Protein chains: 2
Amino acid sequence: MFTKVLVAEDYEIANQGIIKVLKDTVGIPQIEEAKYCDDAYLKFRKAHQDMAPFELLITDLSFKEDHKVQTRTSGIELIRDIRNIQADIKVIVYSQEDRPDKINMLFDKYNINGYVCKGQDAIKELTNCIDGVYQEKTMLPKVLTDSSTANQMVLLDDLDMILLEELAKGFTKKEIRLKLKEQKITPNSESSIDKKVSKLFDDFKAKNTTHLVAIVKDLGLL
Amino acid sequence: MFTKVLVAEDYEIANQGIIKVLKDTVGIPQIEEAKYCDDAYLKFRKAHQDMAPFELLITDLSFKEDHKVQTRTSGIELIRDIRNIQADIKVIVYSQEDRPDKINMLFDKYNINGYVCKGQDAIKELTNCIDGVYQEKTMLPKVLTDSSTANQMVLLDDLDMILLEELAKGFTKKEIRLKLKEQKITPNSESSIDKKVSKLFDDFKAKNTTHLVAIVKDLGLL
DNA sequence: TGTCGCTTTACAGAAATCTGTAAGGATATA
DNA sequence: TATATCCTTACAGATTTCTGTAAAGCGACA
């Protein structure tokens, strides 16, 4: 089993709870905690320099901001920076977030090894997840393995995301067309943009642009 | 100090943490917990029938749904139902939510006695809040007392909210006008609706309807 | 070379949005 | 009663959205 683990979680009460589980249930001897991303990063770097690196990072995604100025404010940035030092570190994200698309993104873009939703069975799921990751498995949370929710997803390419973002920012299609042209992104005719957006209307069953943006915001894609 | 408290929180690890704080730091002798709103309600009703009522409810807002079918799925419904039995019960909401408008709504519409944001100083804030509520005070969280964020709020009336909701659902202003007329809500001319929405554009610095809905969704007002 | 299929683009028209101005109605005050 | 103010409504015009059709561009392949 893992012998040295770092827990990054700003929510004090949960923080203590996780450590208790790691210590008592999983039986990990060396556990360190951090309430800020920057703290976590520094602890990690020091351990790595001292040739006693952590084997696993368990991190939340959102860290509330307070008086302390932080260079890193989200778990994603923490993962990115830590992977730059030690590419093969195992990472488990442990968050409130339960929207499939967001979680998928973490596996796709950041190659995390496991994900656990905060919730009723958090203790069991967390210990399962740690076991699996230790055996080199990729541990998806229930929301992704559950076929009833996993299949009805809409696949969006980069341009789709750009269009949704720009529309949500209130730009007209003419303005978006010019932006795309400046950035040499094709297709960039107003007609193609219309077509793309119309397809999004179909995909998300939206009546118009406003409705589309509202739906996509609710799904957490924006 | 309170002698009998009910904690409703589905997130297992936090649940245990809160109870530990109540027991060790605050020193409350009788603490019961519930992971489901329905459970909480039943425990509460039984205690009330047995003439040994709870004096304080500490509850989360969002409860993840799972296989169990629940009649109540959010803390708000729980508060409403419990207040119907025992109107003077003290209620502290303890949630992730940190958007001023949402929290304000809880104080205005549901007369909660205190609010604590899950976060770094949760333990201290929670004990403070319990002390204050015991002294019959209304305990606002930092996000509401902090003048830097409290003042720049936009006040929305019922019609504003209706318009925002309908626009987010993709209805045209003509359709909205007809709906308002059916429900005998005035003003309901397309011109007045235009004016109202234009004012919202100004208030939220939105370029158009789509932008407006995106902003309002981000603020958590919809 | 030709043609099939796909994507991109051009264009056009009906509908909706957004922004003005101006008129009508209600209320309060002198 | 007269006047001022505020809210509601009507209307108009420029712009944008949305939905079609049709043409042009391009790679695959016989």
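Within every chain, numbering begins at 1; the chains are lettered A, B, ... in the order of the sequence lines, protein sequences first and strands thereafter. Fair warning: this is a prediction, and the values are worked out from it, not measured in the lab.
Mapped onto DNA chain C by nearest heavy atom, A:Pro187 and B:Asn208 fall at different nucleotides, with A:Pro187 at the one closer to the 5' end. The residue among A:Val197 and B:Ser191 whose nearest nucleotide of DNA chain D is located toward the 5' end is B:Ser191.
OP1 or OP2 of D:dT9 sits under 4.0 Å from a side-chain N or O of B:Asn188. For the pair B:Lys195 and C:dT19, the criterion of a side-chain N or O lying under 4.0 Å from OP1 or OP2 is not met. At C:dT9, one or more side-chain N or O atoms of A:Ser192 fall inside 4.0 Å of OP1 or OP2 (strictly under the cut-off). One finds no side-chain N or O of A:Thr209 lying less than 4.0 angstrom from the OP1 or OP2 phosphate oxygen of D:dT17.
Distance A:Leu200 CG to D:dC18 P: 12 Å, rounded to the nearest Å. Distance A:Leu159 CG to C:dT7 P: 14 Å, rounded to the nearest Å. The interatomic distance linking B:Arg177 (CZ) with C:dA16 (C1') rounds to 13 Å, in whole Å. Residue A:Leu178 contributes atom CG, which lies 11 Å from atom P of D:dT16 at whole-angstrom precision. Rounded to a whole Å, the CZ atom of B:Phe201 is 12 Å from the P atom of C:dG20. Distance B:Lys207 NZ to D:dT16 C1': 15 Å, rounded to the nearest Å. Distance CD (A:Glu190) to P (C:dG13): 17 Å, rounded to an integer number of Å. Protein atom NZ of A:Lys173 is 6 Å distant from nucleotide atom P of D:dT17, rounded to whole Å.
Classification of the A:Tyr11-B:Tyr11 ring pair by plane angle, with boundaries at 30° and 60°, yields tilted.
Distance from the side chain of A:Lys174 is smallest for D:dT16 among the nucleotides C:dA10, D:dT16, D:dA10. The nucleotide whose nearest atom lies closest to any side-chain atom of B:Asp194 is, among C:dA10, D:dT8, C:dT19, C:dT19.
In A:Lys109, the NZ atom is not crowded: 12 or fewer heavy atoms of neighbouring residues, nucleotides or ligands sit closer than 6.0 Å. Enclosure of atom OH in B:Tyr134 is not indicated, since only 12 or fewer non-hydrogen atoms of other residues, nucleotides or ligands lie within 6.0 angstrom. Other residues, nucleotides and ligands contribute at most 12 non-hydrogen atoms within 6.0 Å of the NZ atom of A:Lys199.
The residue B:Thr172 sits close only to the backbone: its heavy atoms come under 4.0 Å of sugar-phosphate atoms, none of a base. A:Thr186 comes within 4.0 angstrom of no nucleic acid atom, judged by non-hydrogen atoms across all strands.
Comment: B:Asp157 engages B:Lys196 in a salt bridge, judged by a side-chain N to carboxylate O separation of less than 4.0 angstrom.
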